*Asks:* 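Please see the structure below; I have some questions.
Because the structure is a prediction, the values reported are computed rather than measured.
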Amino acid sequence: MNEATGEARDAEAVSRFVEHFAAQLVEAGMPRMPARVFSALLASDAGVLTSAELGERLRISPAAVSGAVRYLAQVRLVSREREPGSRRERYRVHSDQWFEALTNREALIRRWEDSLREGVESLGADTPAGRRLAETLAFFEFVERDVAEMMERWRVYREQTLGR
C-alpha cells in the first residue's frame with residue numbers, strides 16, 4: 001500500500017528495489033544489514049519506521065535492526081526519535097541525508113589531514129614514505145576544497161529545482 005496515496009503498491013517490486021539498492025551500497029563498502037535497513041527507510045513514503053516494522057519488512061531480528069540502526073546513526077544517515085506517546089523508538093531517514101553524511105565526512109578528512117601532516121614531519125618529506133604521505137595529504141586537501149564548493153552549489157541547485 002502506498003503510504004501517501006493509499007493506492008496498492010507491488011510489495012515484491014519494492015522488496016526487489018530495497019535488496020538491489022542495498023547490494024549497491026554493500027558494493028560501495030556499507031555493511032549488509034545497515035544497507036538493507038537504510039534502503040527500506042528510503043523506500044518508505046514517510047521515511048520513518050519502527051524496529052518492528054523494519055524487522056517485518058526485511059525479515060530480520062530485532063538485534064539485527066538495532067545493530068544496523070546504531071551504525072547508520074553513527075554515520076548520520078538516520079536519526080532516532082521517540083514515537084509520540086510511546087516508549088518505542090522509530091528511525092528516520094532525512095531527505096538531506098547525503099548532504100549531511102558528506103558534510104560530516106569533512107571533519108573526518110580534516111583529522112586525517114592533521115595526522116598526515118604529522119606523519120610527513122615524522123618520516124621526513126624527502127623519504128619515499130614521506131612523499132607518499134605528502135601526496136595523500138595533497139589529495140585530501142584537494143577533495144576537501146572541492147567538496148565544500150560542491151556542497152554550496154548543491155544548496156543553490158536544490159533550492160532552484162526542488163524549492164527546498
Side-chain angles (χ1 to χ4, degrees), residues 2-5 13-50 54 57-58 64-82 89-164:
N2 182 319
E3 298 162 23
T5 65
V14 173
S15 181
R16 279 193 306 275
F17 163 77
V18 166
E19 296 303 330
H20 178 75
F21 190 64
Q24 299 300 312
L25 293 172
V26 169
E27 280 186 34
M30 185 182 284
R32 183 173 180 269
M33 210 49 70
R36 292 182 71 215
V37 167
F38 182 71
S39 296
L41 284 166
L42 277 178
S44 73
D45 286 326
V48 177
L49 295 169
T50 66
L54 284 163
R57 288 179 189 208
L58 298 172
V65 172
S66 178
V69 168
R70 187 175 356 211
Y71 173 88
L72 293 168
Q74 284 177 325
V75 296
R76 300 206 173 144
L77 287 175
V78 303
S79 60
R80 297 171 188 249
E81 56 189 44
R82 288 274 180 217
E89 283 189 329
R90 56 187 188 179
Y91 310 106
R92 178 180 299 278
V93 65
H94 298 279
S95 60
D96 63 350
Q97 75 273 352
W98 300 114
F99 176 85
E100 289 297 322
L102 278 176
T103 300
N104 291 321
R105 292 286 185 235
E106 288 181 84
L108 177 62
I109 289 173
R110 282 192 291 279
R111 287 196 308 269
W112 290 349
E113 288 171 353
D114 291 343
S115 293
L116 288 164
R117 277 187 202 89
E118 190 178 302
V120 170
E121 194 173 303
S122 298
L123 295 167
D126 58 344
T127 67
R131 285 190 295 273
R132 189 170 44 253
L133 290 182
E135 183 174 345
T136 303
L137 172 60
F139 172 77
F140 283 121
E141 289 170 336
F142 175 83
V143 166
E144 182 184 9
R145 185 178 54 250
D146 276 10
V147 166
E149 292 169 5
M150 180 182 61
M151 297 312 275
E152 184 53 38
R153 288 192 320 268
W154 165 247
R155 283 185 198 101
V156 170
Y157 177 81
R158 182 179 184 194
E159 177 64 34
Q160 291 172 346
T161 58
L162 303 173
R164 294 181 190 176

*Asks:* Does any part of the side chain of E89, heavy atoms only, come nearer than 4.5 Å to the side chain of E81, both counted from C-beta?
*Replies:*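 Not touching, per the 4.5 Å side-chain cut-off.
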
*Asks:* Under 4.0 Å between a side-chain nitrogen and a carboxylate oxygen: does that hold for D114 and R117?
*Replies:*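 Salt bridge flag = yes for R117 with D114.
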
*Asks:* Can you list, pair by pair, the side-chain donor-acceptor contacts under 3.5 Å of residues 26-43, counting residues two or more places apart and other chains?
*Replies:*
{"residue": "R36", "atom": "NE", "partner": "E19", "partner atom": "OE1", "Å": "3.0"}
{"residue": "R36", "atom": "NE", "partner": "E19", "partner atom": "OE2", "Å": "3.0"}
{"residue": "R36", "atom": "NH2", "partner": "E19", "partner atom": "OE2", "Å": "2.8"}
{"residue": "R36", "atom": "NH2", "partner": "L58", "partner atom": "O", "Å": "2.9"}
{"residue": "S39", "atom": "OG", "partner": "A22", "partner atom": "N", "Å": "3.3"}
{"residue": "S39", "atom": "OG", "partner": "A35", "partner atom": "O", "Å": "2.9"}

*Asks:* Around atom CZ of R92, are there more than 12 heavy atoms of other residues, nucleotides or ligands at under 6.0 Å?
*Replies:*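 Yes - once you tally the heavy atoms of other residues, nucleotides and ligands closer than 6.0 Å, there are more than 12.
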
*Asks:* Hey, can you tell me if F21 and F17 have their rings parallel, tilted or perpendicular (30° and 60° cut-offs)?
*Replies:*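 Parallel: the ring planes of F21 and F17 meet at under 30°.
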
*Asks:* Name the residue from L77, L54, V48, L49 that meets the side-chain contact (heavy atoms from CB on, under 4.5 Å) definition with Y91.
*Replies:*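 Only match with Y91 under side-chain contact (heavy atoms from CB on, under 4.5 Å): L54.
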
*Asks:* Quick check: are there more than 12 heavy atoms from other residues, nucleotides or ligands sitting under 6.0 Å from CD of Q24?
*Replies:*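 Counting other residues, nucleotides and ligands, CD of Q24 exceeds 12 neighbours.
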
*Asks:* Enter the distance from S15:OG to H20:NE2 here, rounded to the nearest 0.5 Å.
*Replies:*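 Answer rounded to 0.5 Å: 13.0 Å.
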
*Asks:* Is it the case that the side chain of R131 and the backbone of D126 share a donor-acceptor pair, with hydrogens and angles ignored and the cut-off at 3.5 Å?
*Replies:*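 Indeed, once roles are kept as given, a pair shorter than 3.5 Å links the two residues.
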
*Asks:* In Å and rounded to the nearest 0.5 Å, what is the CZ to CE distance from R153 to M151?
*Replies:*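 Reported value, rounded in 0.5 Å steps: 10.5 Å.
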
*Asks:* When rounded to the nearest 0.5 angstrom, what distance separates OG in S79 from CG in L72?
*Replies:*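 S79 OG to L72 CG: 11.0 Å, rounded to 0.5 Å.
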
*Asks:* How many angstroms lie between atom CG of L133 and atom CD of E118, to the nearest 0.5 angstrom?
*Replies:*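 Nearest 0.5 Å value for the CG-CD distance: 11.0 Å.
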
*Asks:* Drop me the distance from E141's CD to R110's CZ, to the nearest 0.5 angstrom.
*Replies:*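 Interatomic distance, E141 CD to R110 CZ, rounded to 0.5 Å: 12.0 Å.
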
*Asks:* Would the number of heavy atoms belonging to other residues, nucleotides or ligands and lying under 6.0 Å from CD of E135 be above 12?
*Replies:*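 Atom CD in E135 is not crowded, with 12 or fewer foreign heavy atoms closer than 6.0 Å.
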
*Asks:* Working to the nearest 0.5 Å, report the span between CG of L137 and CH2 of W112.
*Replies:*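 That separation rounds to 13.0 Å.
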
